[in-house]
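No hydrogens, no waters, no symmetry mates; every other heavy atom, side chains included, goes into these values. This is a predicted model, so every value here is computed, not measured. Note on naming: letters A, B, ... go to the chains in the order of the sequence lines (proteins, then strands), and numbering restarts at 1 for each one.
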There are 2 protein chains.
Amino acid sequence: MPSVTVENYLKTIYLHQQRRPREELVPMGELASAMSVTPGTATSMVKNLSDQELVDYEPRGGVRLTRTGDKTALQVLRRHRLVEVFLVEVLGLDWAEVHDEAEELEHAISDKLLDRLDAFLGYPEFDPHGDPIPSAKGMPKAAELVDIVEAPQGRAMRVARIKDQDPAFLRFLERCGLTPGQLVTVTGRDAVADAVTVHPDGKDPVTLGTSAGRKIMLRPASQRR
Amino acid sequence: MPSVTVENYLKTIYLHQQRRPREELVPMGELASAMSVTPGTATSMVKNLSDQELVDYEPRGGVRLTRTGDKTALQVLRRHRLVEVFLVEVLGLDWAEVHDEAEELEHAISDKLLDRLDAFLGYPEFDPHGDPIPSAKGMPKAAELVDIVEAPQGRAMRVARIKDQDPAFLRFLERCGLTPGQLVTVTGRDAVADAVTVHPDGKDPVTLGTSAGRKIMLRPASQRR
DNA sequence: TCTTTTATTTTGATTTGTCAAAATTCAATC
DNA sequence: GATTGAATTTTGACAAATCAAAATAAAAGA
């Protein structure tokens, strides 16, 4: 069985791979800072992962998951996200806090327990932040979402997913009414001010900087999921 | 924060201290085999715990928890037992399996989450095996229980607690109807055969060897808890 | 008391995951 | 082309937890 550390490296590589163009390698520096370790540590760990055939490592290029590594990363993500659903839906924890809790629990749950939990929760497809929950098979094909900055203005949209786990940011979104499922309209964009204004249905309009706006993903209100 | 390993040592020392006369030291060999490590490993670990003031260590005598060590051990036990209640009561896992699951989860739960869980479960006082759940303050004073071998014959008793976590043993008890809460009568004892016979209310009588019988603790049926 | 047995401790090594700092490589600039 | 700079790798060291095997102490027998 992979150690907690190995699981965390694989999960982190997976997540960073997602955020960049197809087939591109994740640079070692990026991995190191994401894992909060020195670059040298990341290098030696990645060599180790490479020996275990969990990643492809190209010296001075970066890393990418192998099929096996990918499968393991998805299992970790599945545990993480199902735990988050449980913490919010069942125990009523604040969605802003559950990420850190799940970060620990994701390494402590057996397959059997996970299946029970999944059934108990009614086989949810998304976690409280709108992140898709991988099935035992793999990651469901993602619907195409647009972030607030890129979204068409004046169209009825719905918040689908938040791409940041920082509790302060999440609490801010909650106050504004920008939580997954919420109906919104993007009402304006100002390139000079580097800002975008969004109007959550039944709430006050909110103006965000584009770096914040890019973390909030929308789908057309008409679209099921 | 103590490591998972440290938590496990403290928990194990606590449990073994319980099983022996007041103030007596737990021998290193017993600790080593309970932890499934070599004696040398136990010695070096215990020295380490002693430096952290978590145990008193008497070379060639054994170990005993300090007040601090005791408190930490009880926190671990509290997490373990609340998790067990959750797994059985909420997710419906078999009581024979939950010990191993809880063994992992007990190290991954934050104080905040634990409090939520406790409230959600209705502040239970005992886990599925009848083991008392320590409160945030400490371990509740244990009611005096008798094992099946020592119990008076012909009196209405109730199963209070099972002092063994082996799934095979627990499943056996379930088949016989010897689970916590069950009304039973001890109907006979045979010193020569080293056996004892117990009659669970509404089930068939069961004859057990005394070593098995000593793992099943009873209280008078009249006594609340 | 002397010897044997058993429990415990010591010693030296190993693995995993980490850091600091020096060395290297590659790309970019002059 | 030579030099600078940034990213990466290498090297040597360390802490935690472990084992195997040798050394020691205490208890039990003779």
Taking the basic N atoms (NZ, or NE/NH1/NH2) and the acidic carboxylate oxygens, is any pair closer than 4.0 Å for [X] and [Y]?
X: A:D147; Y: A:K215; value: no
X: A:E7; Y: A:R79; value: yes
X: A:E150; Y: A:R214; value: yes

Is the shortest heavy-atom distance from the side chain of A:R20 to the side chain of A:P27 under 4.5 Å?
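Sidechains of A:P27 and A:R20: in contact.
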
Using whole Å, what does the distance between atom [atom2] of nucleotide [N] and atom [atom1] of [X] come to?
X: A:L49; N: C:dT18; atom1: CG; atom2: P; result: 11 Å
X: A:D51; N: C:dT16; atom1: CG; atom2: C1'; result: 14 Å
X: B:K47; N: D:dT18; atom1: NZ; atom2: C1'; result: 15 Å
X: A:L25; N: C:dC26; atom1: CG; atom2: P; result: 15 Å
X: B:L54; N: D:dA16; atom1: CG; atom2: P; result: 13 Å
X: B:M28; N: D:dC19; atom1: CE; atom2: P; result: 13 Å
X: B:M35; N: C:dT8; atom1: CE; atom2: P; result: 16 Å
X: A:E58; N: C:dT25; atom1: CD; atom2: P; result: 18 Å

Listed partners of B:Q18 passing side-chain hydrogen bond (donor to acceptor under 3.5 Å, both in side chains), at least two apart
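For B:Q18, the residues satisfying side-chain hydrogen bond (donor to acceptor under 3.5 Å, both in side chains) (neighbours in sequence not counted) are B:Y14.
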
In residues 36-43 of chain B, which residues come under 4.0 Å of DNA chain D by heavy atom?
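Under 4.0 Å from DNA chain D: B:S36, B:V37, B:T38, B:T41.
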
By a strict heavy-atom criterion of less than 4.0 Å, which residues belonging to residues 5-16 of chain B are in contact with DNA chain D?
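Contacting residues: B:T5, B:Y9.
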
Can you measure from CZ (B:R64) to CG (B:L25) and round to the nearest 0.5 angstrom?
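These two atoms lie 4.5 Å from each other.
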
Would you give the length of the straight line joining atom CG of A:D166 to atom CG of A:L173, rounded to the nearest 0.5 angstrom?
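Result: 10.0 Å between the selected atoms.
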
Over all strands shown, is A:S3 touching base, sugar-phosphate only, or nothing at heavy-atom distances under 4.0 angstrom?
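A:S3: backbone/sugar contact only, no base atoms under 4.0 Å.
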
Counting side-chain heavy atoms from C-beta on, which of C:dG17, C:dT25, C:dT10 comes nearest to A:R60?
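Comparing C:dG17, C:dT25, C:dT10 against the side chain of A:R60, the answer is C:dT25.
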
N/O (side chain, A:N48) to phosphate O (OP1/OP2, C:dG17) under 4.0 Å
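So the side chain of A:N48 is within the cut-off, an N or O lying under 4.0 Å from OP1 or OP2 of C:dG17.
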
Reckon A:Y57 has a side-chain N or O less than 4.0 Å from the OP1 or OP2 of D:dT9?
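For D:dT9, OP1 or OP2 has a side-chain N or O of A:Y57 closer than 4.0 Å.
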
Between B:E101 and A:S110, a side-chain donor and acceptor under 3.5 Å:
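Short answer, yes.
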
Would you please say whether a donor-acceptor pair under 3.5 Å links the side chains of A:H80 and A:D127?
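Not at all, the side chains of A:H80 and A:D127 share no donor-acceptor pair under 3.5 Å.
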
